[in-house]
Amino acid sequence: MRWEDLIFERLVSGPFPSTCAPRKLFLYSNYKLNLSGIESIFFLMHSSCMLVDGKQYRTIWTPAHKKWVNVIDQRFLPFRFVIEKIRTVSRMAAAIREMHVRGAPLIGAAAAYGIYLAAREAAQKSRGEDFLERSFSLLAAARPTAVNLKWALDMQRAALGKTGDMAADMKTKCRMALETAELIADQDEKRCREIGLVGLPLLRETASRRSGRPVQILTHCNAGALGCVDHGTATAPLYEAARQGIPMHVWVDETRPRSQGRLTAWEMAAQGIDHTVITDNSGGLLMQRGQVDLVIVGADRVAANGDTANKIGTYLKALAAYDNRVPFYVALPTPTFDRTLTDGGQIPIEERDPDEVLYSEGLEKRRLRRVRLFGPGSPAANHAFDITPARLVTGFITEKGIFTPGELAKALA
Ligand code: MRU
């Protein structure tokens with residue numbers, strides 16, 4: 001055994017409580033992803049799994065017995081930390097559709113675990129290939145915009161195909177589907193961590209120009225650890241910068257109607273990052289006043305030419321940034337890049353229930369309450385995403401480097 005492997009083994013079995021299964025899985029997966037012992041120790045010392053009540057979490061994981069899949073049910077954050085046990089593929093599809101889990105990379109990981117649950121159900125209830133096939137369709141239809149969903153299902157299809165199709169028994173498929181889902185989750189965590197390291201110099205350089213004053217970043221929606229398996233996309237460079245002691249302040253867009261800004265604010269508070277929540281319409285004013293140094297957002301799908309689908313309202317931020325010469329960055333892992341679409345006009349835009357606009361939810365005297373915001377005579381439209389044209393994007397922060405729209409397709413080939 002190599003000496004660094006020995007140290008790694010000791011660290012894995014040593015300092016973490018046995019209840020911290022996701023953490024151990026994380027470390028094990030780094031190891032499985034062929035990081036050397038030294039690299040894994042580096043990850044160990046610098047990793048930033050979500051810490052809740054002193055316990056580290058991923059957004060999705062399986063308990064040791066693998067009978068169900070755990071997810072953080074994000075509908076209750078920031079008020080309650082709820083872990084949901086998902087036992088069937090139909091419940092996983094509903095969790096994606098109803099946004100218990102959300103954010104492009106996490107939607108992908110959740111779909112992959114959904115196929116594991118489908119294979120498990122099929123093995124236990126002697127259901128055949130057609131059940132598995134229907135499960136693929138059910139999950140694929142859950143949400144249309146984030147391409148990570150299709151990407152993860154394609155990964156599962158390729159993995160299960162390798163088991164020999166009809167010849168392979170369902171138990172083998174079940175095992176393969178679990179391995180693939182865990183690999184997808186592990187890789188997402190690793191990619192996001194790398195996005196943080198790639199994006200860090202941007203913040204460091206901006207900080208050096210501000211001679212000690214905090215770097216002002218604006219972000220929209222939640223592109224944080226909660227939208228991924230861990231670390232986040234847009235937030236990953238911020239978490240790295242915070243670790244390096246770079247002074248920072250984050251403007252957190254509220255992001256109506258689903259208020260993903262609440263999730264970002266929750267993460268910022270947990271990481272001790274100075275932040276202020278603003279309404280979705282404040283960004284333009286702040287940029288005019290020179291109070292934003294850079295905008296960093298995530299993405300649900302980036303077309304081959306760099307046109308970017310992200311949460312509704314992102315386009316308006318990009319326009320304001322362009323007009324005020326504020327650099328506008330999109331952070332994404334490679335599975336969010338869709339080379340099959342030449343431009344953003346081909347990206348399907350999800351339209352959700354108008355009630356999400358007409359109603360809002362909040363805490364009143366420790367109880368979650370839902371209130372109607374508009375009169376009964378007014379209908380609403382709820383477009384969940386918009387397209388930011390590539391010409392408005394300064395750069396794409398990926399795990400492979402930072403690229404201009406023109407460089408992207410070649411760089412992610
Ligand atoms: O509707 P949501 O909450 O799933 O939308 C999420 C976003 O638009 C995020 O900005 C995107 O997925 C960024 S990557 C974490």
Side-chain angles (χ1 to χ4, degrees), residues 50 58-60 71-75 77 95-111 142-152 185 188-189 191-193 195-196 199 217-239 250 252-267 280 295-302 308-318 328-338 344 347-353 356-357 382-388 393 396-399:
M50 267 172 296
R58 281 175 157 190
T59 51
I60 190 162
V71 298
I72 298 172
D73 189 340
Q74 303 186 19
R75 293 172 303 164
L77 286 171
I96 296 171
R97 211 169 36 241
E98 293 160 18
M99 293 172 66
H100 310 198
V101 290
R102 28 68 52 208
L106 178 55
I107 289 171
R143 291 194 74 188
T145 302
V147 70
N148 306 60
L149 178 66
K150 180 181 179 307
W151 173 86
D188 181 66
E189 180 162 348
R191 284 192 185 103
C192 287
R193 171 91 174 95
I195 287 171
I217 301 121
L218 184 142
T219 189
H220 189 67
C221 193
N222 171 266
L226 288 165
C228 306
V229 172
D230 199 355
H231 305 292
T233 54
T235 59
L238 310 185
Y239 295 154
V250 181
V252 177
D253 274 359
E254 179 191 14
T255 318
R256 277 276 291 152
R258 289 296 295 253
S259 304
Q260 283 90 341
R262 297 200 243 197
L263 305 175
T264 306
W266 182 75
E267 288 192 29
D280 290 329
V295 179
I296 312 181
V297 297
D300 288 81
R301 191 185 301 225
V302 177
T308 297
N310 192 49
K311 181 52 56 192
I312 191 80
T314 304
Y315 173 40
L316 294 178
K317 296 293 130 55
F328 182 94
Y329 287 95
V330 174
L332 72 149
T334 40
T336 307
F337 182 62
D338 186 351
I347 300 177
I349 300 292
E350 179 180 14
E351 289 186 34
R352 296 184 60 84
D353 189 338
E356 292 184 350
V357 177
N382 188 6
H383 304 95
F385 300 95
D386 61 21
I387 308 291
T388 298
V393 180
F396 293 92
I397 310 172
T398 76
E399 76 273 18

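Atoms within each ligand, like the ligands themselves, are counted from 1 in listed order.
Inclusion of T233 in the set of residues having an N or O under 3.5 Å from an N or O of ligand 1 is not warranted. Any N or O atom pair closer than 3.5 Å counts here, and G227 shares no such pair with ligand 1. Distances between N or O atoms of A223 and those of ligand 1 include no value under 3.5 Å. Every N/O-N/O distance between H220 and ligand 1 stays at or above 3.5 Å.
Looking at K150 and D338, no side-chain N of the basic residue comes within less than 4.0 Å of a carboxylate O on the acidic one, giving no salt bridge.
Nearest to atom 8 (O) of ligand 1 among the protein's heavy atoms is D300 OD1, 2.7 Å.
Ranked by closest heavy atom to atom 13 (C) of ligand 1, the top entry among A104, G103, A299 is A299. The heavy atom nearest to atom 1 (O) of ligand 1, considering only R301, K311, R102, is found in K311.
The shortest heavy-atom distance from M99 to ligand 1 is under 4.0 Å. Residue contacts with ligand 1 include R143, since one or more of its heavy atoms lies under 4.0 Å from the ligand. Residue A384 places every heavy atom at 4.0 Å or more from ligand 1. Residue-ligand proximity: T145 is placed with every non-hydrogen atom at 4.0 Å or more from ligand 1. Under a 4.0 Å heavy-atom criterion, P105 is in contact with ligand 1.
Taking every heavy atom of both residues into account, G224 and T235 meet most closely at CA-OG1, 3.2 Å. Across all non-hydrogen atoms, the minimal contact from T233 to G298 is OG1-CA, 3.8 Å.
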